[in-house]
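Below is one structure, written out as structure tokens, with a few remarks after it.
Each chain gets a letter, A, B and so on, in the order the sequences are listed, and its residues count up from 1.
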Amino acid sequence: MAFPATPQSERKSVLDLDGHSVNPFRLAGSKVVVFLFVRTDCPISNRYAPTIQDLSHRYGEHASFFLVYPIASETSQQIRKHLQDYGYQLPALRDPGLVLARESHVSITPEAAVFSADKKLLYHGRIDDWYVEFGRARREPTTHELATTIESAVARKPVPATEAPAVGCFIPGLT
Amino acid sequence: MKPGKHFLAGSVCLTILALVSVPHAAQQTHTSASPDRAAEQQVTFNRDIAPIVYHYCVPCHRPGEAAPFSLLTYQDTKKFAEQIAFITEKRIMPPWLPSPGEPKLSGELRLSEQQIDLFRQWAKQGTPEGNPADLPPAPHFTPGWQLGQPDAILHAQKPYALPAQGTDNYWNFIFRTNFPETRWIRAIEIRPGEKRVVHHANMFVDRFHSSRDQERHPGDGFPGMELRIESESFDPDSHFFFWKPGSIAHEEPEGMAFRLDPGDDLVLNVHLQPSGKPETVQPTIGLYFTDKPATKFPFLLELQNDRALDIPPGDGNFEVNDDFTLPAEVQLLAIYPHAHYIGRQLSATATYPDGTSKNLIQIPRWDLNWQAVYYYEDPLLLPAGTRVSMHYIYDNSTANIANPFHPPQRIKGGNRTTDEMAHLWLQVLPHDDAVPPEQARFLLQEAMARHDVTRDPADFSAQYNLAAVLQAKGDSAEALQHFQAAVQLRPNDVVANNALGAVLLALGNPGEAIAPLLRAVQSKPDYAAAHYNLGNAYASEGNFSNAITEFSEAARLNPKDSMSEANLGAAFAEAGNLDEAQKHLERALQLDPQNTLASNNLDEVKRRRTSPQ
């Protein structure tokens with residue numbers, strides 16, 4: 001895997017909802033880390049909420065899940081309401097400086113990133129192939145990239161793919 | 001004494017009604033920069049982008065509307081600049097399926113290449129805001145009801161709980177109307193409730209409450225993608241009532257108001273898409289009345305060929321066609337192409353009697369989610385002898401991501417979401433100086449019904465509709481054949497059995513009428529019309545005791561019907577019970593003082609009572 005991981009980033013722009021700077025890699029301890037980049041107003045990202053919740057429930061024992069909100073203008077208050085509306089029960093982070101987004105090589109919401117237990121980037125991309133392009137979804141997904149990646153990562157096996165294109169809303173400010 | 005009139009049943013019509021969508025924030029879109037200049041110049045929000053966004057995007061992309069985020073301001077739009085450039089280039093947004101061309105469709109939401117290029121340049125240049133003086137005034141939107149305060153507002157009785165997760169969902173709400181007299185409706189504004197989960201909504205009139213059986217409890221609503229509304233009479237009203245995001249209710253032109261009789265149901269079919277969180281949807285409709293009754297009656301032509309839909313898995317190019325030749329000149333007002341998920345290309349053409357042809361609509365890339373009723377900017381004249389054709393192509397391969405099956409399976413015609421449909425509705429107005437409009441309607445109705453029967457003699461509705469139009473025309477003998485065919489196809493259909501009985505009565509054959517009428521009342525014991533007809537059949541056969549039973553039942557079920565009471569009185573008189581006869585004849589006259597059959601018979605009963613034989 002050729003991704004340069006910077007797991008112990010000291011950049012202070014990753015915040016919890018109380019405004020405190022946090023390091024999710026440290027919070028995850030020795031577990032695999034899964035980031036799910038979402039935003040409050042992206043319809044595709046929102047439609048994935050039940051899937052994201054299911055995945056975090058299914059793999060939560062062996063992997064630390066974080067929702068990451070990379071839009072600087074989304075406030076903690078908006079995010080708390082969003083978590084409540086969509087029934088999310090996983091920790092949420094704000095990434096206004098796009099530190100995690102860059103580190104994870106993501107550019108879309110919803111997009112997932114999986115880091116190994118030793119905090120190397122293993123995968124970034126779609127959760128599954130439900131959406132094929134903006135506005136066009138299958139009835140049901142036929143591949144489940146995030147789930148298979150997490151299973152491999154937890155088992156310390158090579159992941160089937162290092163990336164797969166995500167479909168959703170662009171994260172502004174990355175270029 | 002003769003039994004009175006027969007209660008004749010009319011047609012079963014699938015009345016797909018729907019209507020328009022004209023987003024108008026009607027700013028003139030100004031494209032101040034030509035593509036070449038745009039490449040050189042800075043593209044700014046205030047000068048170049050805002051006019052486009054205000055006209056094409058903001059009707060939906062503003063708070064409270066269907067779109068997921070607002071694009072009302074520079075700050076809002078800036079956040080989505082790259083997204084907008086991407087999806088406009090791919091023509092995913094704004095959602096508009098038809099290809100450009102003639103005839104022009106009303107409310108076209110199609111960006112020019114220059115406009116798309118401006119979005120691309122603006123994102124590339126880092127979304128400059130520009131000179132505040134260049135910013136056009138923000139569009140003004142009417143809050144609340146778009147056509148003003150409605151004359152009547154109806155709420156769905158119960159909300160529908162849409163789950164957070166899953167595939168598309170279809171729910172039907174029944175609005176029970178109860179106006180004291182017939183109302184003429186010039187517009188119906190549909191407010192679907194939580195707009196962000198409603199993809200489109202289509203409203204139908206159900207004059208015979210044929211949908212109520214599908215509700216578990218009255219007011220619950222019921223699931224289902226396609227509605228089948230059965231109607232027992234010819235309905236001159238063929239209007240579309242359609243809602244899609246950004247649409248403003250269509251107001252009928254003067255003289256084309258829609259008739260709403262006391263007690264009619266309005267059924268709203270709603271296409272919903274789960275949003276990721278549980279939602280409740282409770283639509284409201286606003287009715288706008290006019291005191292001007294309809295003088296022009298549009299007609300809905302329905303081309304369809306569901307029977308041809310038997311699409312093998314993997315077939316990416318399955319064609320389905322249907323043609324109909326107009327027996328009278330019409331004006332084409334609106335068009336509604338309809339398929340389900342694996343439709344790929346939907347088009348319709350008109351071939352004039354001189355052999356030249358014209359596209360009526362062309363949808364190169366069908367997407368069920370953005371279906372719509374399209375109105376022509378100017379009605380299109382189609383002379384008698386014009387052949388209207390639909391040509392649909394379906395893609396049942398894995399390449400079609402909308403395919404409901406993975407891997408693909410054989411897909412046939414049907415009403416479920418996983419079935420397919422091949423339908424095209426055309427709203428036309430008879431327009432033939434040589435033929436009175438009412439006669440033109442009959443010509444159209446009969447030609448349509450014959451077309452349907454020829455295409456598929458095993459189509460129950462086609463047989464029934466043809467029979468009904470023939471009977472209405474007075475051709476009972478040919479009507480009989482088609483009612484018989486309909487009953488053969490659906491031996492227990494209540495309405496068809498009743499109609500078959502009625503036409504046999506009309507042909508003077510009460511003996512044969514009894515069997516189908518008995519089947520009708522056995523299938524639906526509370527069917528007043530069938531009891532009434534059965535009473536007539538027994539009475540004609542001289543079986544007055546059975547006639548009394550049936551007329552009593554008809555009168556009990558339909559206590560306001562003067563004719564049931566009149567015939568009950570007549571049957572009692574024939575059976576020699578003059579006391580009961582007088583009672584029911586008087587009751588008939590109370591219900592309808594103009595009932596001459598009842599008054600003549602009452603005179604006769606009174607005469608007999610005063611001069612007993």
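- With a 4.5 Å cut-off on non-hydrogen atoms, B/Lys90 touches chain A through its side chain but not through its backbone.
- Counting heavy-atom pairs under 4.5 Å between each of B/Asn400, B/Thr167, B/Ile87 and chain A puts B/Thr167 at the top.
- Proximity to chain A involves both the backbone and the side chain of B/Ile401, based on heavy atoms less than 4.5 angstrom apart.
- When atom types are taken as modelled, the side chain of B/Gln83 and the backbone of A/Gly168 share a donor-acceptor pair closer than 3.5 angstrom.
- Taking both residues in full, the closest heavy atoms of A/Arg136 and B/Trp366 are given as NH2-O, 3.7 Å, listed atom of the first, atom of the second, then distance.
- Against chain B, the residues from residues 60-85 of chain A that qualify, each with a non-hydrogen atom under 4.5 angstrom away, are A/Ile71, A/Ser73, A/Asp85 in number order.
- Rounded to the nearest 0.5 angstrom, B/Phe405 CZ and A/Glu140 CD are separated by 10.5 Å.
- If you measure heavy-atom distances from B/Phe80 to chain A, the contacts under 4.5 Å come from the side chain alone.
- Using a 4.5 Å heavy-atom threshold, the side chains of B/His406 and A/Arg139 count as separate.
- When every heavy atom of B/Lys79 is checked against every heavy atom of A/Pro172, the shortest pair comes out as O-CG, 3.5 Å.
- Nearest heavy atoms, A/Asp41 versus B/Phe69: O-CD2, 3.5 Å.
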| field | Derivation and outcome, ring pair (Phe, Tyr, Trp, His ring centres under 6.0 Å), residues A/Phe170 and B/Phe86 | value | CA-CA 10 Å; A/Phe170 295 169; B/Phe86 178 80; 5.3 Å; yes
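- Both the backbone and the side chain of A/Tyr86 have a heavy atom closer than 4.5 Å to some heavy atom of chain B.
- Note on A/Ala137, A/Gly87, A/Ala49, A/Pro50: by heavy-atom pairs under 4.5 Å with chain B, the leading option is A/Pro50.
- For A/Glu133, the part lying under 4.5 angstrom from a heavy atom of chain B is the side chain only.
- Chain A forms more heavy-atom pairs under 4.5 Å with one residue of B/Gly166, B/Pro278, B/Ala164, B/Ser275 than with any other, namely B/Ser275.
- Checking A/Ser45, A/Cys169, A/Pro43 one by one against B/Pro68, the side-chain contact (heavy atoms from CB on, under 4.5 Å) holds for a single residue, A/Pro43.
- Looking at A/Arg138, its side chain never comes within 3.5 Å of a backbone N or O of B/Asn403 through a donor-acceptor pair.
- Along residues 412-420 of chain B, the residues that come nearer than 4.5 angstrom to chain A, judged on non-hydrogen atoms, are B/Thr417, B/Thr418 in order of number.
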